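The structure appears below as structure tokens.
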Number of protein chains: 2
Amino acid sequence: MPQIIIADDHPMVRGALTLAVEAAFDQPEILECAHLGAVMQLLESIGAADLLLLDLRMPGVDGFEGLVRVRSQFPATPVVVISALEDPRLVREALALGAMGFIPKSTPRAEIVAALSLVAGGGTYRPDDLAMSAPPPDPKGQATDDDFLQRVLTLTPQQRRVLQLLGTGKLNKEIAYDLDIAETTVKAHVSSILHKLRVYSRTQAVVMAGRLHLDSFADVAEG
Amino acid sequence: MPQIIIADDHPMVRGALTLAVEAAFDQPEILECAHLGAVMQLLESIGAADLLLLDLRMPGVDGFEGLVRVRSQFPATPVVVISALEDPRLVREALALGAMGFIPKSTPRAEIVAALSLVAGGGTYRPDDLAMSAPPPDPKGQATDDDFLQRVLTLTPQQRRVLQLLGTGKLNKEIAYDLDIAETTVKAHVSSILHKLRVYSRTQAVVMAGRLHLDSFADVAEG
DNA sequence: GTGCCAATTGTACTTTGGTACAAGGGTGGT
DNA sequence: ACCACCCTTGTACCAAAGTACAATTGGCAC
């Protein structure tokens, strides 16, 4: 009996997704969450789910922060991103961040079902019209956010946990206490993180990683 | 002949503001900019302007980043924020960040003229209906962004420049090179900054300061 | 089993980061 | 002139950060 979490702050959306999930899986146990906190709490209690349908925008979480946090803390749980937007950049970034799929809310129900089955089978899904749109290679030699994302994905789960705590400005000593490991170990992780991310100080790592969370600039009309 | 910079990416808005400026000042020299880069470049060449009308949202700059950068680099130039939004929180935050006024685009022309005169005379302007709405005191003992803003404002101009470079993840050595001062001096500034901001490491300072730039969450419909 | 890798820890070392104290030059106000 | 404040720099010292090398444990795959 597969455990499937549906996380969206809009009850109507959860209802629609529930139908799709019930059509795609055999006797699924569906767990609904209205905000990210509930998702994290739920995952902590059950360890891992068989699938997480995660809305990009929920109370208290802007862009990819939720995705990043879930992927960091619970890398074993496959995540499919649900979103009202379908900007190709968003799709690419979500997948680069480890999402197993990206389903716009405008997707027909039949296709949602197919998408969920695809992901359940180990595949990754993205909207049809984007399937072939290869990510445009960056002509400039400068490091881009996408490059950085790829590097973040090479971090091990524990290293991501360390990175997350780095992002709060904690000292190695504090991180060690939080994760209940030796400060030496933290240093080892940090050192490895810096190499993988190709930066020379924790502060730079924090600055770079900080961008990822809030770069889901859903263009607002005009300010 | 007062030099006044009008920075807004929308030509129509610049035109309207030009009229207001011409009504409020005697023979003003009006300099128009369509994006923040032009503003910074202009200020660097002329050193300081008598007034800067700055749109919150311009190409390449989301929320208060532009305001922060101008205030940091050119603290002598008074800034009046122009915005389509008029959320009281935005108004308070803009003023807390050192803006001398906040003018919603919906403001009647006559009032804009009055507001500009007010600021030119050393006063600060905010929309009428907000004049009396005191910032709600925080009941919780926790440190808030507003607290932090107040502390950032106690930094000296040079210290803000250092903080800004800290925010890019640079080493003290690099900051020293950029500002053409000794590393010892940078350390002195950093040390003072940490005390004023009440944090214990540069990374924490960067994390805290990082929030200010992007917290202008102009609520998007639904993602 | 063998091999690979994540995770852990230790020792020892170098480099940054940060504090404390002292001091000279500049600006602006009283 | 005097004071306050900013900016600058130096010396000296301590703490934190980061590197390098080596070693053990445990899980997972072939």
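Everything quoted here is computed from the prediction, not taken from an experiment. Residue numbers start from 1 in every chain, and the chains themselves are labelled A, B, ... in the order their sequence lines are given, proteins ahead of strands.
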Subject >> Spacing of A:Leu166 atom CG relative to D:dG18 atom C1', expressed in whole Å >> reply: 12 Å

Subject >> Whole angstrom value for the distance that separates C1' of C:dC5 from CG of A:Leu155 >> reply: 15 Å

**OP:** Take atom CD of A:Glu183 and atom P of D:dA15, then tell me their distance rounded to the nearest Å.
**Re:** 13 Å

Original post:
Does a side-chain N or O from A:Asn172 land closer than 4.0 Å to OP1 or OP2 of D:dA16, or not?
Top reply: no

**OP:** To the nearest Å, give me how far apart NZ (B:Lys173) and C1' (C:dG17) are.
**Re:** 12 Å

**OP:** Test B:Met100 against B:Val79 for side-chain contact (heavy atoms from CB on, under 4.5 Å), laying out the working first.
**Re:** CA-CA 6 Å; B:Met100 299 303 290; B:Val79 179; 5.9 Å; no

Subject >> Value in whole Å for how far the C1' atom of D:dT9 lies from CG of B:Leu179 >> reply: 15 Å

Original post:
Where each residue is assigned the nucleotide of DNA chain D containing its nearest heavy atom, which of A:Arg202 and B:Ala182 is assigned the position nearer the 5′ end?
Top reply: B:Ala182

Original post:
What is the distance from atom CD1 of B:Ile5 to atom OG1 of B:Thr77, rounded to the nearest 0.5 Å?
Top reply: 6.5 Å

Subject >> Non-hydrogen side-chain atoms of B:Ser201 and B:Gln204 separated by less than 4.5 Å >> reply: yes

Original post:
B:Cys33 versus B:Ile6: any side-chain heavy-atom pair under 4.5 Å?
Top reply: no

**OP:** Round to a whole Å and report the spacing from CD1 of A:Ile193 to P of C:dA6.
**Re:** 13 Å

Original post:
Which listed nucleotide (D:dG10, C:dG18, D:dA16) is nearest to the side chain of B:Thr184?
Top reply: D:dG10

Subject >> Candidates C:dA7, D:dA16, C:dG18 - which lies nearest the side chain of A:Leu171 >> reply: D:dA16

Original post:
Would you say D:dC7 has OP1 or OP2 under 4.0 Å from some side-chain N or O of B:Thr185?
Top reply: no

Original post:
Donor-acceptor pair, A:Ser83 side chain versus A:Pro104 backbone, under 3.5 Å?
Top reply: no

Original post:
Between D:dG18, D:dT8, D:dA16, which nucleotide has the shortest distance from any of its atoms to the side chain of A:Ser191?
Top reply: D:dG18

Original post:
What is the distance, rounded to the nearest whole Å, between atom OH of A:Tyr200 and atom C1' of C:dG17?
Top reply: 17 Å

Original post:
Given D:dG18, is OP1 or OP2 found less than 4.0 Å from the side-chain N or O atoms of A:His189?
Top reply: no

**OP:** Could you tell me whether the phosphate oxygens of C:dT16, OP1 or OP2, come under 4.0 Å of any side-chain nitrogen or oxygen in B:Lys187?
**Re:** no

**OP:** Mind calculating the distance between CG (B:Asp180) and C1' (D:dC7) to the nearest angstrom?
**Re:** 13 Å

Original post:
Which nucleotide, C:dT11, D:dT19, C:dG17, lies nearest any side-chain atom of A:Leu194?
Top reply: D:dT19

